[in-house]
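Working notes, structure below.
Each ligand, and each atom within it, is numbered from 1 in the order the structure gives.
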Amino acid sequence: MKFFIDTANLSQIREANEMGVLDGVTTNPSLMAKEGIKGVENCKKHYVDICNIVDGDVSAEVISTDYEGMIKEGEELAKLHSNIVVKVPCIADGIKAIKYFTGKGIRTNCTLVFSPGQALLAAKAGATYVSPFVGRLDDITSDGIELVGKIVDMYSFYGFQTQVLAASIRTTQHIIQCIEVGADVATCPLSAIKGLLNHPLTDIGLAKFMEDYKKVNG
Ligand code: G3P
C-alpha cells in the first residue's frame, strides 16, 4: 500500500519524505487555507514547492465547480509539474471533466466520494485515483472502511485500473484497516503515519539492548 501525506504543510511534508516511505501528497482547499496560502499564483507556487520536495504524485484540487472552469484550471495545474494529479469533486461536471482529462492524458483524483455508485462513475470516466472519505463517514456513524473495501472489490471484479486512495484518514488504526481491505493508497496526517512505529515492546527491547551493551562496553 502506498502512503501519501494529507497536508499542505511543507515542514510536515519534508519530515514524512525524510522517513523514506512517502509516495505522494494530497491537498485540498481547506488544507491550503490552513497554511494561509491565498491567491491563484501563490497556490500554484506552493504546489510546485511540494513537487520539488516529494518524488511522487501530488494532488492539486480545482476550485471551479462548472465543467469549463474545471478544464481551464486543471490544464493549468497539470502544466505546473509532471507529478501533479488534478483533483476533481465527484459531481456531474466533475465526472465529465475527468473523462476529458483522461482523454488528454492528464491524471486525476476524484474526491469527495461517499458511495460505491460515485466510485463507479469515477472509474468509468477513467480517474487515476478515487478518494473515499473514511473519517467523514465515520463522523456520521457510517462505516468509512467498509466503503473502501466495497470499492476495492468492485474495481477488482470489473477490472478497473482506478486506484483506491483512502482519504480523510484520521488515525493509525484507520491505516491498518485500509491495509486489511486492500486500499491501494492511504493519505494520512503525519501523526497517523508516525503512530505506526509505536509499540511498547520495541521501546522496552531497545532499552534492554542498550543497557546490556553498556554493561560490557561501558
Ligand atoms: O483527503 C481528504 C481529507 O483532507 C479530509 O480529511 O479530516 O477533513 O475529513 P478530513
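- Closest protein heavy atom to atom 6 (O) of ligand 1: S168 CA, 3.4 Å.
- For E75 and K79, the salt-bridge test fails: no basic side-chain N is under 4.0 Å from an acidic carboxylate O.
- For the side-chain contact (heavy atoms from CB on, under 4.5 Å) criterion with S131, the lone passing option out of V113, N109, T187 is N109.
- Close contacts between ligand 1 and D6 involve ligand atoms 1 (O), 2 (C), 3 (C), 4 (O) [criterion: under 4.0 Å to a heavy atom].
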May I have the step-by-step check of salt bridge (Lys or Arg N to Asp or Glu O under 4.0 Å) for E211 and K215, ending in yes or no? CA-CA 6 Å; E211 186 190 318; K215 271 185 205 157; 3.7 Å; yes
Worked check of side-chain contact (heavy atoms from CB on, under 4.5 Å) between Y129 and D184: CA-CA 9 Å; Y129 297 103; D184 299 290; over 6 Å; no
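- Taking a cut-off of under 4.0 Å to the non-hydrogen atoms of F133, the atoms of ligand 1 that pass are 2 (C), 5 (C).
- Distance check, rounded to the nearest 0.5 Å: NE2 of H46 to SG of C51 gives 10.5 Å.
- Nearest protein heavy-atom neighbour of atom 7 (O) of ligand 1: R170 NE, 2.7 Å.
- Counting heavy atoms under 4.0 Å from ligand 1, residue N28 touches it through the side chain alone.
- Per-residue contacts place R136 under 4.0 angstrom from the following atoms of ligand 1 (heavy atoms of the residue considered): 5 (C), 8 (O), 9 (O), 10 (P).
- Using a 4.0 Å cut-off between charged nitrogen and carboxylate oxygen, D93 and K96 do not count as a salt-bridge pair.
- Short contacts between ligand 1 and A167, defined as distances under 4.0 Å to a heavy atom of the residue, involve ligand atoms 1 (O), 2 (C).
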